[in-house]
Amino acid sequence: MSQPIRVLVAKPGLDGHDRGALVIAQGLRDEGMEVIYTGLRQTPIEIVTTALQEDVACIGLSSLSGAHMEMFPAVVQLLRQQQAEDILVIGGGVIPEQDVEALTAAGIAKVFTPGTRIEEVAQFIRDHAHLQELAQENLPPLALGVDHIGIAVTRVDEILPFYTGLLGLSVTHQEVIADQEVKTTFLTVGGMEIELLEPLSTDGPVAKFLFKHGPGIHHMAFAVADVNAALRTAQAAGFRLIDERARPGGRGKEIAFLHPKDTSGVLIELCQRTDTEEDIGGS
Ligand code: CMX
């Protein structure tokens, strides 16, 4: 990242103690960020005005007075009114556990409770700033389309009538991918495919997924022209990879996975059709 990330540390409400906020401000400076501190007893309007004037990427709100349920959402609302919702709002201070969910629903990206390491806060801010930067970079599109959606099932035979009987899809291909301990069944619909994944063992990747989450959407696969080139682009843009290079997937495709931690918890597959890809209808 070329420019340091600018952060506003703000104290909304009547609370008169700012030792914690000052420690956070200094900690973020030590992490290489430019930090502006508002001082005590700021109103939400003052905070948002300063944030816009100072062109910050993040507002860190600190409250010890119990006014967080009023003040924090008010800051988010005002940012929305100013079409400045790309500014990340995080909170900290004395925030009871039961308020965290409501604050998150109100648009506070993360509430950090006492004892959180400053490195963790800085990393959270960096990840956000990085995604904002990416949105402005105008990279050429990587995905050519949705290739397929992978769905983990306990037994294909049990659910297949739903897809073929009710939805009217046709099975186009079935294949055992031995090294991934899975049997795949492809159905085609509207130019893309559904891939049903049935585990062939109790400790393969799909079995592990079923054990943890039960049946459901396992991954989403985007078609790309060149998986290895797409991996390098994703990595250069800061996304963690599960696969460093392409490996064989179903139907002779070259595939690779990105790490779900960087993609909102969704396992994303990049997938490239090859000359040797078997025709739809093979098995
Ligand atoms: N959705 C969301 N998160 C998932 C996930 C999924 N389906 N599968 C794994 N994760 C998470 C894990 O919980 C783990 O998170 P933490 O680091 O927080 O614990 C992280 O991703 C890494 O998972 P892992 O199992 O520890 O890592 P592995 O390298 O062992 O596994 C993976 C990588 C996900 C690619 C593998 O488990 C997998 O699912 N392989 C694909 C199997 C498959 O679908 N084969 C069919 C052929 C593919 C095709 O042609 O489409």
Is it true that, when you exclude [X] itself, more than 12 heavy atoms of the residues, nucleotides or ligands shown sit nearer than 6.0 Å to its [atom1]?
X: R240; atom1: CZ; value: yes
X: I45; atom1: CD1; value: no
X: Q98; atom1: CD; value: yes
X: E70; atom1: CD; value: no
X: I242; atom1: CD1; value: yes

> Relative to the ring of H219, is the ring of H148 parallel (under 30°), tilted (30 to 60°) or perpendicular (over 60°)?
Replying inline: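 Ring orientation, 0 to 90° scale: perpendicular.
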> Checking side chain to side chain contact (heavy atoms under 4.5 Å, CB included) for the pair E244/R232: CA distance, chi angles, key distance, verdict?
Replying inline: CA-CA 9 Å; E244 289 291 326; R232 299 288 76 82; 3.7 Å; yes
Test of understanding: clusters of I, L, V, M, F, W, Y form through side-chain heavy atoms closer than 4.5 Å, transitively. Do [X] and [Y] belong to the same one?
X: V94; Y: L103; answer: no
X: M69; Y: M71; answer: yes
X: I47; Y: Y37; answer: no
X: V7; Y: I36; answer: no

> Would you call L134 and F239 a side-chain contact if the rule is heavy atoms closer than 4.5 Å?
Replying inline: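 Yes, their side chains come closer than 4.5 Å.
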Working to the nearest 0.5 angstrom, can you tell me the gap between [X] [atom1] and [Y] [atom2]?
X: D262; Y: I268; atom1: CG; atom2: CD1; value: 11.5 Å
X: L196; Y: I151; atom1: CG; atom2: CD1; value: 6.0 Å
X: S62; Y: F72; atom1: OG; atom2: CZ; value: 6.5 Å
X: L8; Y: Q53; atom1: CG; atom2: CD; value: 10.5 Å
X: I5; Y: H128; atom1: CD1; atom2: NE2; value: 9.0 Å
X: E193; Y: H173; atom1: CD; atom2: NE2; value: 9.0 Å

>> Quick check against the 3.5 Å criterion: does S63 have a side-chain atom that pairs as donor or acceptor with the backbone of G93?
In response: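 No, because the side chain of S63 does not come within donor-acceptor range (under 3.5 Å) of the backbone of G93.
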> Is a side-chain donor or acceptor of N228 paired with a backbone partner of R245 at a separation under 3.5 angstrom?
Replying inline: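 Side chain of N228 to backbone of R245: no pair is present.
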>> Using salt bridge (Lys or Arg N to Asp or Glu O under 4.0 Å), reason through E34 and R6 one step at a time and then give a plain yes or no.
In response: CA-CA 5 Å; E34 268 180 22; R6 291 169 70 76; 2.4 Å; yes
> Does a salt bridge link R247 with D179, judged by any charged N lying under 4.0 Å from a carboxylate O?
Replying inline: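 Salt bridge flag = no for D179 with R247.
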>> So, applying side chain to side chain contact (heavy atoms under 4.5 Å, CB included) with F112, which one of I24, I118, I90, V100 is it?
In response: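 When I24, I118, I90, V100 are each tested with F112, the side chain to side chain contact (heavy atoms under 4.5 Å, CB included) holds only for I90.
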>> Run the side-chain hydrogen bond (donor to acceptor under 3.5 Å, both in side chains) test against S201 and tell me which residues pass, sequence neighbours left out.
In response: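 S201 satisfies side-chain hydrogen bond (donor to acceptor under 3.5 Å, both in side chains) with E181, D203 once adjacent residues are dropped.
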